[in-house]
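What follows is one structure encoded as C-alpha cells, with my remarks underneath.
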Amino acid sequence: MADDHNAFHDDLGPEDDTSIVSTRGLEHFSRKVTTTASHLIGPLADPNAHPQYANAMSEIARQIQRPSIQRSMFSMARTTPTDLVRSKLSAREIQSRALSYVPEELLENIPEGDNSYSLFQGFKATFPELTDEGKKHRRRVSRGRKLLDDHHHAISPDSPHAVQKLRKEKGSMMHELEMLSIRKNMASSEIREIDNKIANLAGMRKIILERLAGLEQEEALMEHDILDVEARLEEAQDLVAETETTVLHTPTHSDDDLVKDEEEEGSGFMSQSIYEKLPSSNTSTPSKSKKPKSIRRKSMPILHEHFEPGTSIREIRAHPDSITALDFDAPFGTMVTAAMDDSVRVWDLNAGRCIGVLDGHTASVRTLQVEDNILATGGMDATIRLWDLSKSHYDPHGNQVEEDDDGMAFGNANDQPVDPPADSMADCGLFTLQAHVDEITALHFRGDVLVSGSADKTIRHWDLEKGRCVQTLDVMWAAAQASATTSTGEGTWRQTSRASDRTADFVGALQVFDSALACGTADGMVRLWDLRSGQVTRSLVGHTGPVTCLQFDDVHLVTGSLDRSIRIWDLRTGSIYDAYAYENPITSMMFDARRIVCAAGEDVVKVYDKVEGRQWDCGAGVTGAEEGKTPAIVERVRIRDGYMIEGRRDGVVGVWTC
Amino acid sequence: MTQLPYAIDAETPLNPAELNVLKAQYEKEGDMVGVQTKFNYAWGLVKSNVRADQHLGVMLLSEIFRTSPERRRECLYYLALGNYKLGNYGEARRYNDLLLDKEPHNLQASNLGALIDDKVAKEGLMGVAIISGVAVAAGVIGGVLLRNLGRKR
C-alpha cells in the first residue's frame, strides 16, 4: 500500500503537465533563468559576492513558485467553477446529487466504528474470489509454492537467494492469512446481519398475522351480514310473490306446490346429491320452512395456516365422557363429536359453540363422518343414520354474540359449552340404514356409496340414492376363499396372539373410492376389495395387531394398528413404502397433504411431517407438564389442511394448527 | 494492510467482466442485499471511468451510509473519494473534513484532503485564467472600439 501511495504521486505528474498554466513548467523556467544567470556571472565572481543579484533571483523564484500562491488564493473557494457550473446547470447531475445526498442529521450521527474489518478490506478479500482471474491467480500461487518446495533442496539453503525467497514466501503467506481472517470475520458478520433481518421479518410477520386475524374476523362478520340480507331478501320476494298470487287469483293449490318444488330444486344447495328426494326428508320438512341454508362458510379461513405449527386454537369441553368419534368438514367449519355418554353434538368451530345435539341413536356412536353438510353416524345400536346438518336452526352469530363478544377470536380453554336450543337439530335426520346385526365399528361414504363394517363380521355396501343395502361382504368367507385359491395362505384369517385382540373391533377401518374398498380388520390384514365383483383383489400383510385406522390417497395407503406401528403402502405395487412405530397402540390416524397425525395412547398427538421427514408432538401434553395440568390421553384425531382436532378420554376436544 | 484505500485505488477501473460479476452478485441478493455485496458493487462502480457508473456507485454508497450506521464512519471516506472522482469537490470536502474532524491522523483522509485542495486550486486557476483572458480580450476589443469611436469623433 505504501508503494501505491508513492506511485500515486508519480501518476499525478503527467496530469500537471497537461494543464494550461503548468507550475512545473514555470519552475523549470525559473531554474533555467537562475542557471543562465549564474553561468553568466559565475566566472567573474562568487555569487555570494553579489547579494543583491541573488536576492533578486530568489525573489523571482519565490514568486514563480505558484502552487503555494494558488493554494492561498483559492483556499476560500470550496470547490471549482466547473463543479459549481455542473451542480447548477446539468439536470442529470442535479438528480444524481439529490439521490446521493446525505442529510446533515445523519452526518452528525456517526457512531464509533468497531468493525473488525473495513468494507474495503472486505472488498479486497472477496473480489479475487469472484473473478476467474483471481481464482487462476490463487491456483498459480499454490502451485508456485509447491514448485518452490520441490526446488527447495536444489538451491543450497545457505545462499542469500534462498533466504530472500523464503522471506518472500513468508510475506505472501502472512498476507493470505490476513485475508483469511478478514473473510472469516466477514462471514460471521454476515450471519449477524442475517440474524437481524430474520428478527425484523419475524416482527413484520407478527404484525401481518394480526392484520390477517382482523381481516378474517371482518370477513366472518360480513358473511353474517350477507346471510341476514339474503334472508330478508328472500322474505321480501316471498311477500311479493304472495301478493301477486292473491291479486291474480289464478294459480291452483297444485301449481303452487309445483312452483315450490322447483324452487327447492333450483336452490342448488345439494345439486349432485338426491337426498332431498327421499320421502322422509320431504315429508318432515314443513312447506313453509325457510330455504335450507348452508352453515358452511363461503370464504376459506386461512389464518391457522400461518400460525406456528403446534399452536392451540381452541379447547372445547365437549362431553363429560371419553370421545369415541369425531370429524369436521373444513377448518373453522362444523365439527361433530360423539362420546361414551351416548350423545352426538354438533359444533361451530369458528365460534366454539355447540350448535345442537343429534338425538336418534339408542346407544353410543362408534364412528362418524362429515362430508359437506352430510353426516353419517354408526352406533352400537347397529344402525347407521344420515343427517343433513344444513337443516339445523342455528344462527352462527345469534343472540349469544352480545354476551360473548370475542366469540370469533380464539376462546379460552375454560369455555363452558353453551346449551343450544333443544330442538335446533330436529329437522336434521335424513334416514336410517338398518341391516347389521351388531354394532357398527367403521363406516365411510363418498358420493352415493357408503360402506359400513360391523362386529357381525360383515361389511355392507349401501346405495345412498336408493337408501338400501346393495351387497354384503363376508370377511371370513372372503378370507377362506382367498386361502383356498392361493396356496400361500396369505389371505387366511390369522389369529393374532395379542391379548387385546378380543376387545379390538373386527372391522377397524374402512375407506371407499368408487368401486375400490380398503378395509383393515382385527387380524392385522388390510384387504382391498372390488365392489363390482365383491372379491378381495389384494391382501396386505404386515401388521401384527388389529388394524384400527386406514386412509388412502392416489398413491399411498396408510394404516395404523394396535401393534403400535404405522405402515405406508404403495397402492400400485402393494409393497411397503415406509413404516414407523410408537410406544403405544395406535387408536386413530389421519393424514393430509403434508403430515400424518396419530393418536398413540399419549396425551399428545404424534405428527409425522412427510415433507421434512420429521417427527414431532402436538397437543396439550407438550406444555401440560409446565402448566401443572395433566391432559387426558388422546383417543381420536382428525386433520384437514393443517387444522387438527383431537378428542381425549376426558371428553375435551382440542383444536390445533399443525 | 491498510483499512482504507488510497485515492489511487479508485483510479484503476475494473474490467467489464469483473464489474459484471459484482453486479450479478448484487442483483442476485435482491432486496435483502448484504452490506458487503452492496459495497463491492458500489466500489467497482466508483472505480469505473464511466461517469454514469460513478454516479450510481456514489448513490449506493450513500445508501449504505443511510442504512448501516456502524459503517458510517468509513463510508464518509468512500463518499468523499467517490465525489472527488466525480469532481464534486464541495461534497468531497464536506465528507472528508468531517472524517478528519473525527480522525485527525487518518493518513488516507489527509491525503485525499490535499488532493482535493490541489484539484480545486488547479481548476480554479484555470477558471481565473479563462476569466482573465476573456476580460483582457474584452478590454482590448473595448479599447479598439473606443479608439475607433474617438477617431470618428
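Numbers restart at 1 for each chain; the letters A, B, ... are given by sequence-line order, proteins then strands. Being a predicted model, the structure only gives us computed values, none of them experimental. Heavy atoms only: backbone and side chains are in, while hydrogens, waters and symmetry mates are out.
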Is a donor on one side and an acceptor on the other found under 3.5 Å between the side chain of Glu193(A) and the backbone of Val35(B)?
yes
Counting only heavy atoms closer than 4.5 Å, note whether Ile131(B) contacts chain A via side chain, backbone, both or neither.
neither
By a 4.5 Å heavy-atom criterion (distance strictly below it), what part of Leu60(B) contacts chain A: side chain, backbone, both, or neither?
neither
What is the minimum heavy-atom distance between Ser118(A) and Arg71(B), and which atoms define it?
CA-NH1, 3.9 Å
Tell me, yes or no, whether the heavy-atom count around Glu612(A) atom CD, taken from other residues, nucleotides or ligands under 6.0 Å, exceeds 12.
yes
Got more than 12 heavy atoms from elsewhere within 6.0 Å of NZ, Lys168(A)?
no
Side-chain touch Phe123(A)/Leu22(B), heavy atoms, less than 4.5 angstrom:
yes
With a 4.5 angstrom heavy-atom cut-off, is it the side chain or the backbone of Tyr77(B) that approaches chain A, or both, or neither?
neither
Find the distance between CZ (Phe120(A)) and CZ (Phe39(B)) and round it off to the nearest 0.5 Å.
7.0 Å
Does atom CZ of Arg167(A) have more than 12 heavy-atom neighbours, drawn from other residues, nucleotides or ligands, at distances under 6.0 Å?
no
Could you check whether any side-chain N or O of Gln36(B) sits under 3.5 Å from a backbone N or O of Leu119(A), counting only pairs where one atom can act as donor and the other as acceptor?
yes
Identify which of Leu56(B), Asn83(B), Leu14(B) forms the greatest number of heavy-atom pairs closer than 4.5 Å to chain A.
Leu14(B)
Can you say whether Leu79(B) sits under 4.5 Å from chain A via the side chain, the backbone, both, or neither, judging by heavy atoms?
side chain
What part of Ala24(B) lies closer than 4.5 angstrom to a heavy atom of chain A: side chain, backbone, both or neither?
neither
Chain A contact via Leu61(B) - which portion, at a heavy-atom distance below 4.5 Å
neither
